[in-house]
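Worksheet: the structure to be examined is printed underneath.
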Amino acid sequence: MDEDLLKLHGDHPIPTGVLLKRTWKYVKPELKWMLLALFLIALHIVCDIITPIIFQNLIDLFKTEDPLKITMVAIFGLVGGGLILTVISQVFLYFESMILQKAGQRIIYNLRLEIFTHIENMSINQFNEMPVGSLVTRVCNYTTAMSEFFTNTIVSLIKNILMIIGVYSLMIYYSPILSLIMLGMMVLIFGITFITRHFISKEYRKERSMVSDLNSYISENLSGMKITQLFNQQKRKKEEFKDKNTNLRKQRFKLVSLFAIYRPSISFLFYASVAITFIVGVNLSLSAGSIVAFYLYLGRFFNPVQELADQLNRIQKAKTASERLYNLLDVMPQVLDSDDAIEVDRFEGKIEFKHVWFAYKDEDWILKDVSFTISPRTTCAFVGATGAGKTTILSLIVRNFEIQRGQILIDGIDIRKIKIESLRKAIGQMLQDVFLFSGTIKSNITLHESEFSDEEVAEACRYVNADSFIDKSEKGLETEVIEKGENFSQGQRQLLSFARTVLHKPQILILDEATANIDTETELLIQESLEKMKSIGTMLIVAHRLSTIQKADQIICLQNGKIVEKGTHQSLLKNKGYYYKLYLLQFEEK
């Protein structure tokens, strides 16, 4: 359930006043347009509430005058006046809607952009805690609910409030007694609305949690569909989805039931008010025109009230959506630039770990007092069993996580004093699981940066031997890449990641199991590429295949988060320690 997600995110209800104050930040730049729209709304309402007066005069004209004496000029004057007012009213309606739509879309554009940027700045550890489906729901669904509020709900709300005030003022003018009776009806309506709102708010919050939970489930299972099919888990997954879908359906039925009670109740009060208007109006000796005008005003009075049900639903959607969005914005990135962080244009590539301790959670230490130095433009390899801390070391260098104790320095500068963007720009990462975006080979290598020419891209591909399969394709660099690069082999995807890294000219290269799960032929190409890439800058390698790292300048052996050996391939073999045992194991496997 989404409650677990709330604990991870720190989701919590936010007071309405605080929500309005935070939303004002986005509304303020559009205030002048919203005030102009408000003025047009007022003019639209004035035109709308004058129309019944014309009908009253027309009816009273037929009643007080001899029909034969009524001139066509008078009739056409009243009818024409009503028609002109209606046209003017619709013109105002058009402009007010366009202004508010544009202002509302600009507000949501800025909000959505801020949320996406905020998500981009979060640490990897935070992404591990937050299901992708939940984040997608917030960026897409919740901003849509907010958009609905600014472009439609707020218009209807303001319009209805002004309409109720204006219409009730004229109703008092026609009959204070009838107006007082209608005020009693209004108290009943607001009482029903207030009670209904309490239950709707509670049930709607549950419904949004279920939607988020369902989206997270769908996102996760679509990503893992291959495993589901391989292990014939379709039936079980279908039942799991069915349960979540059924719960959501039942919850929405609860909301529908609440509205099903609310709307008929308001409708009953309206028809009761119509009956009272005619009965009391006749007893008060009101003219036929006045009774008809009062009746027309009654419709204009109750319609806005009846619309409160839909507006109530939309307001609650916007409130819940804004809570979720602001809660997400309140989740501060765990890795941030310090106030005195500096830009570094270029690194020599000297890397130092000084007594580094790191744990993903509490004091469950992954690295324990780790210290080592890697000289500039040399190759250092990390070996050890799964969970020894190899990949963690690489992640710490690019500040995917923050260490709890010790120091990590590059060229003598603590990486916490270097701006994150500047640090990561100098480091090229090639991981075991290569991610390719939908697009073309070229766009995946350049990452849509226009500063690179086709010749530079082609040269990077030749440098890492990726041209061996790109040139065989009819479209070359413009070859289409489907989602996740599934139309390429693991080795081909890895070579594309090499080309991507080389093109961006890093001074430090990181390879985390980059040669795992590939065929022998492709491994030879990658080995050749690695030899070339060593000349680019300092290279750090994590590899289970010791054949990949035999030529490394330094090999660091890790066990249970501690360094147990350091040296070259030959010196470590002579020591006959931990590395020697790993080497024998791999030799025996062959």
Side-chain angles (χ1 to χ4, degrees), residues 8 10 119-130 331-344 347-376 378-432 506-513 537-542 554-566:
L8 291 171
I119 292 174
E120 280 191 313
N121 291 328
M122 287 183 176
S123 69
I124 299 300
N125 194 41
Q126 288 172 302
F127 280 115
N128 293 337
E129 292 180 345
M130 299 182 185
V331 178
M332 295 304 296
Q334 293 176 350
V335 182
L336 293 168
D337 285 328
S338 61
D339 294 335
D340 57 349
I342 61 172
E343 290 275 0
V344 178
F347 291 102
E348 289 299 318
K350 181 182 180 182
I351 300 171
E352 297 176 83
F353 271 53
K354 292 186 175 181
H355 306 290
V356 171
W357 290 72
F358 173 76
Y360 290 105
K361 187 177 181 181
D362 301 326
E363 293 191 359
D364 184 13
W365 301 110
I366 304 300
L367 298 181
K368 306 167 187 176
D369 196 27
V370 171
S371 298
F372 59 82
T373 300
I374 302 172
S375 300
T378 61
T379 299
C380 179
F382 297 89
V383 298
T386 300
K390 308 182 297 296
T391 298
T392 298
I393 287 175
L394 303 186
S395 295
L396 293 176
I397 292 172
V398 292
R399 289 191 71 193
N400 285 338
F401 309 94
E402 292 283 39
I403 61 174
Q404 283 81 20
R405 303 179 197 169
Q407 269 188 313
I408 300 174
L409 302 98
I410 298 181
D411 294 348
I413 306 171
D414 192 319
I415 61 172
R416 286 172 291 196
K417 300 295 183 182
I418 302 171
K419 288 189 176 180
I420 295 172
E421 184 179 353
S422 176
L423 175 69
R424 292 175 180 170
K425 186 177 181 181
I427 300 175
Q429 297 187 71
M430 292 152 284
L431 309 178
Q432 178 179 351
Q507 294 95 58
I508 298 171
L509 295 95
I510 289 177
L511 288 87
D512 187 2
E513 294 292 353
T538 305
M539 181 180 288
L540 291 80
I541 304 174
V542 166
Q554 180 180 199
I555 298 172
I556 296 176
C557 302
L558 292 160
Q559 188 175 27
N560 298 323
K562 294 182 178 181
I563 295 177
V564 293
E565 278 187 312
K566 285 191 289 186

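We use all heavy atoms of the structure for the numbers below, so side chains are in, but hydrogens, waters and symmetry mates are not.
- Taking OG from S395 and NZ from K390, the interatomic distance works out to 12.0 Å, rounded to the nearest 0.5 Å.
- Between atom CD1 of residue I508 and atom CE of residue M539 there is a gap of 12.0 Å, rounded to the nearest 0.5 Å.
- The aromatic ring centres of F382 and F372 sit less than 6.0 Å apart.
- In this structure, E348 CD and I410 CD1 are separated by 12.5 Å, a value rounded to the nearest 0.5 Å.
- The shortest distance between side-chain heavy atoms of N400 and R424 falls below 4.5 Å.
- When all heavy atoms are compared, the tightest approach of G428 to P506 is N-CB, 3.3 Å.
- Annotation: side chain of Q554 is not in contact with side chain of T378 (no heavy-atom distance under 4.5 Å).
- Q334 places no side-chain N or O within 3.5 Å of a backbone atom of E402 that could act as its donor or acceptor partner.
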Practice task
Determine, step by step, whether T392 and F401 satisfy the side-chain contact (heavy atoms from CB on, under 4.5 Å) criterion, reporting the C-alpha distance in whole Å, the side-chain angles of both residues, the deciding distance to 0.1 Å, and the verdict.
Solution key: CA-CA 9 Å; T392 298; F401 309 94; 5.9 Å; no
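- Contact annotation: the side chain of F353 approaches that of I397 to within less than 4.5 Å [non-hydrogen atoms, C-beta and beyond].
- Using a 4.5 Å heavy-atom threshold, the side chains of I427 and F347 count as separate.
- I556 contributes atom CD1, which lies 12.0 Å from atom CD1 of I541 (distance to the nearest 0.5 angstrom).
- With hydrogens and angles disregarded, a donor-acceptor distance shorter than 3.5 Å links the side chain of D411 to the backbone of K350.
- Rounded to the nearest 0.5 angstrom, Q429 CD and D512 CG are separated by 8.5 Å.
- With respect to the salt-bridge test (charged N to carboxylate O, under 4.0 angstrom), the residues D340 and K417 qualify.
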Practice task
Show your working on side-chain contact (heavy atoms from CB on, under 4.5 Å) between K354 and L409 and close with a plain yes or no.
Solution key: CA-CA 8 Å; K354 292 186 175 181; L409 302 98; 3.8 Å; yes
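- Closest approach of I418 to A341, counting heavy atoms only: C-CB, 4.1 Å.
- Looking at R405 and H355, their side chains never come closer than 4.5 Å, going by heavy atoms from C-beta outward.
- With D414 contributing its side chain and R416 its backbone, the two residues share a donor-acceptor pair below 3.5 Å.
- At least one side-chain heavy atom of L558 sits less than 4.5 Å from a side-chain heavy atom of I393.
- Summarising the geometry, atom CD1 belonging to I403 is positioned 4.5 Å from atom CD1 belonging to I408; distances are rounded to the nearest 0.5 Å.
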Exercise for the section: Begin from the C-alpha positions of K562 and D369 and carry the test side-chain contact (heavy atoms from CB on, under 4.5 Å) through to its verdict. Expected result: CA-CA 7 Å; K562 294 182 178 181; D369 196 27; over 6 Å; no
